[in-house]
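Since the structure comes first, as structure tokens, the remarks are kept for the end.
Values in this document were obtained by computation on a predicted structure and should not be read as measured data. Just so it is clear: chains get the letters A, B, ... in the order the sequence lines come, proteins before strands, and each one is counted from 1.
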There are 2 protein chains.
Amino acid sequence: MKKIGLKDVANSAGVSISLVSYVLNGQAVQKKVKKETAKRIIEAANNLNYKPDLIAKSLKMSKTHSIGLIVADIDYRYTSGITKAIEEEAKRCNYTVIYGSSNERRDAFVELINVFTNRRVDGLIIIPVEGCEDQLHLLQGYGIPYVLVDRLFKNIDSSYIGLDNFQASYNATEYLIKLGHKKIFFCNYHTTLFHLQERNRGYKKALLDYKIKFKPDWLIEIPNIPEDRYENVTHGLNDVFEKKKECDAVFFASDNLAICGLKYFIEKQIRIPDDVSVMSFDEYDEFEIFYCSITHSRQPLKEMGTLAVKTLVNLIEKRGVGKHITLKADLVAGKSCKEGMISV
Amino acid sequence: MKKIGLKDVANSAGVSISLVSYVLNGQAVQKKVKKETAKRIIEAANNLNYKPDLIAKSLKMSKTHSIGLIVADIDYRYTSGITKAIEEEAKRCNYTVIYGSSNERRDAFVELINVFTNRRVDGLIIIPVEGCEDQLHLLQGYGIPYVLVDRLFKNIDSSYIGLDNFQASYNATEYLIKLGHKKIFFCNYHTTLFHLQERNRGYKKALLDYKIKFKPDWLIEIPNIPEDRYENVTHGLNDVFEKKKECDAVFFASDNLAICGLKYFIEKQIRIPDDVSVMSFDEYDEFEIFYCSITHSRQPLKEMGTLAVKTLVNLIEKRGVGKHITLKADLVAGKSCKEGMISV
DNA sequence: ATAAATTATTTAAACGTTTAAATTTTTTAT
DNA sequence: ATAAAAAATTTAAACGTTTAAATAATTTAT
């Protein structure tokens, strides 16, 4: 079955191609098309079940109405949440999402940037990987608008939607301190990613403000390798609990780390919150099946995704200027932090 | 900065556009381009940082090298797992993924089919929604190849990658029976979706084969509305546990149902497996943070995603014929099923 | 030295749209 | 009845590629 094009509709309605184009694009009155002719054209289009070829349109208009989305890993709860919001908002704004995942690998990221620009996406939403600054510079050179999500590079001037990680981390730590915790461990990835470092900073600042002296071995650093995350967390926590270091609480800097930690605690029969308090950055819905609900900070994923699209579309259509938007996290109180600890 | 096209490269190298096209598409020898000329062209292309316009290419070749992926909800563990595998394999096959989510709504699904076909995707991978058979027929009419994943329609002849749901459900039920369970409840969505009905069938067949008389109130049916899933599961389980019906085990037909169930059991302080055994279809990694590991059937998500792409690409390129592939689930034994029950 | 064969390169049409400019038809004014 | 104005429609070029066919340049055979 041959594809139906404007030409076919034109023939069927007995008019020229351009008239069909005008009518089907809602320019009927502006171009002074006779009512009757317009009607005939529309009927013909319907009869033939005409479908515009968006590829041809894109070529002519140098506008694809598509945005590239590059995520770091769709299996992160953060990513699927934000992806969902992005797709929904994109639909609302009449854009289609072209999807790619770097899986935290630079080479895959570079490849995606390449393919997406060749595909002439109108813009990009990017959860970047470590060490991809050069690629972002490239995009700027090409004049392709993009917005970063979650992860920020200080030395790159771009639009950005993310969390106020410093504040969120500060608040979470403060929450623990106010409950009387003193020896607060912090489990984070060892990384150059700014947003994760901000969490360190928030944690340490809270300790400082409350006159708790931070001890270097309170920081449990995990290599950022998804495959053996659990082993690494186990190793880090063993270092605390096997050696019976004094520890009131462990604050996990991400949901995935927390999951590993909780698994560890179950295995070692360490009771939450009796033996140790637990705080998590980010959440899985499934936290709710832990025997005690986990206190955690919650990011407004839906809002972030929506804002990312809105900002990008603005950049694309209004040629607006880039900006940083940082949102606040909510602290969702569970039962994983011991209350009324004796202040020593 | 103006976009560099073949024309610019041609000018720079002092040759015609077609020669550039030949060389850059690896047809240099076939078209007998002089070695030296070819070299000059390649250099020019590099110098100017030429990037082919894939839109123009698509138009000319009537081939977009893109596949549409329509999921039902990216927040399902099943979906993100399979999406990950699909994107990876698509990359390997030189296809880009255009992503859309129906969020289980027919109207969104229809809209996506429309946009994707207008975008001239080469094919589609679809996790369909209830009642979208007409749309699949449309696709067949257009001659656009597609493969269904997870969910199957009996009355539609299409390629399909999914699980042997009947067998998986049968095996899980059998597992419970063999541990001595008699009163086995089954919690499933109330749905017309074939793959979920197959799970019912497997459950019932196992009971039958082991001469356990199925009682209608063992089937806990949950309306398929994500928003108030928890309330509905609670309601269903209350009907069992508040009324103190005799119940050895509850078999949840999906991971999301299981999560709700586990939450309920925690709230009501019903102990697993002491008070009741739990079996789940599908898993979340986070099952591992439940106080006892949950026995469940595991679908080979990665394999499914990979196969979906392979099958589709085959359909697209080799004009191969559609086929059904059903894979087997693994039963992952946890600690949520009581052992050595007295056979009454 | 010339024709034929081979090698190398260019021309031009096409893919399905959009749209400015040109043209034809109809209406209005005289 | 005719000119001018307005309304309706068509023509043709363009977007950036690919590729068959035409042409030009070089080599080989006579």
Of dA8(D), dA20(C), dT10(C), the nucleotide closest to the side chain of Y22(B) is dT10(C)
Rounded to the nearest Å, what distance is computed from the NZ atom of residue K32(A) to the C1' atom of nucleotide dT9(D)? 13 Å
Distance-only donor-acceptor check, side chains T64(A) and D122(A), under 3.5 Å: yes
Rounded to the Å, how far apart are L6(A) CG and dA12(D) C1'? 15 Å
How is S58(B) classified with respect to the nucleic acid when contacts are heavy atoms under 4.0 Å: base, sugar-phosphate, or nothing? nothing
Winner on side-chain proximity to S16(B), out of dT11(C), dT18(D), dT9(D), is dT11(C)
What is the distance, to the nearest angstrom, from the CD1 atom on I17(A) to the P atom on dC15(C)? 10 Å
Y22(B) six-ring face occupied by K32(B) cation (under 6.0 Å, within 45°): no
Nucleotide dC15(C), atom C1' - distance to CD1 of I55(A) in whole Å: 11 Å
Sorted by position of nearest nucleotide on DNA chain C, 5' first, the leading residue of R40(B) and I4(A) is R40(B)
Using a cut-off of 4.0 Å on non-hydrogen atoms, how would the nucleic acid contact of Q30(A) be classed: base, sugar-phosphate, or nothing? nothing
At under 4.0 Å between heavy atoms, what does K31(A) touch on the DNA or RNA strands: base, sugar-phosphate, or nothing? base
Report the distance from atom CG of L19(B) to atom P of dT18(D), rounded to the nearest whole Å. 13 Å
Taking atom C1' of dA13(C) as reference, at what distance in whole Å does atom NZ of K60(B) sit? 7 Å
Looking only at side-chain atoms of M61(B), point me to the closest of dT19(D), dT9(C), dT17(C). dT19(D)
Proximal nucleotide (of dT17(C), dT19(D), dA20(C)) relative to the A56(A) side chain: dT17(C)
Is the NZ or CZ atom of K51(B) both under 6.0 Å from the centre of the six-membered ring of Y142(A) and within 45° of that ring's axis? no
Atom-pair distance (CG on L59(A); P on dC15(D)), nearest Å: 9 Å
Name the closest nucleotide to the T37(A) side chain, picking from dT10(D), dT9(D), dT18(D). dT9(D)
Using only side-chain N and O atoms of Q27(B), determine if any of them is under 4.0 Å from OP1 or OP2 of dT19(D). yes
Looking at E88(B) and K302(B), does any basic side-chain N land under 4.0 Å from a carboxylate oxygen? yes
Thinking salt bridges, do R106(A) and D134(A) make one under a 4.0 Å N-O criterion? yes
Atom-pair distance (NZ on K51(B); P on dT17(D)), nearest Å: 13 Å
Judged by nearest nucleotide, the residue sitting upstream toward the 5' end of DNA chain C, G14(B) or S62(B), is G14(B)
Donor-acceptor pair under 3.5 Å, S18(B) side chain vs dT11(C) base: yes
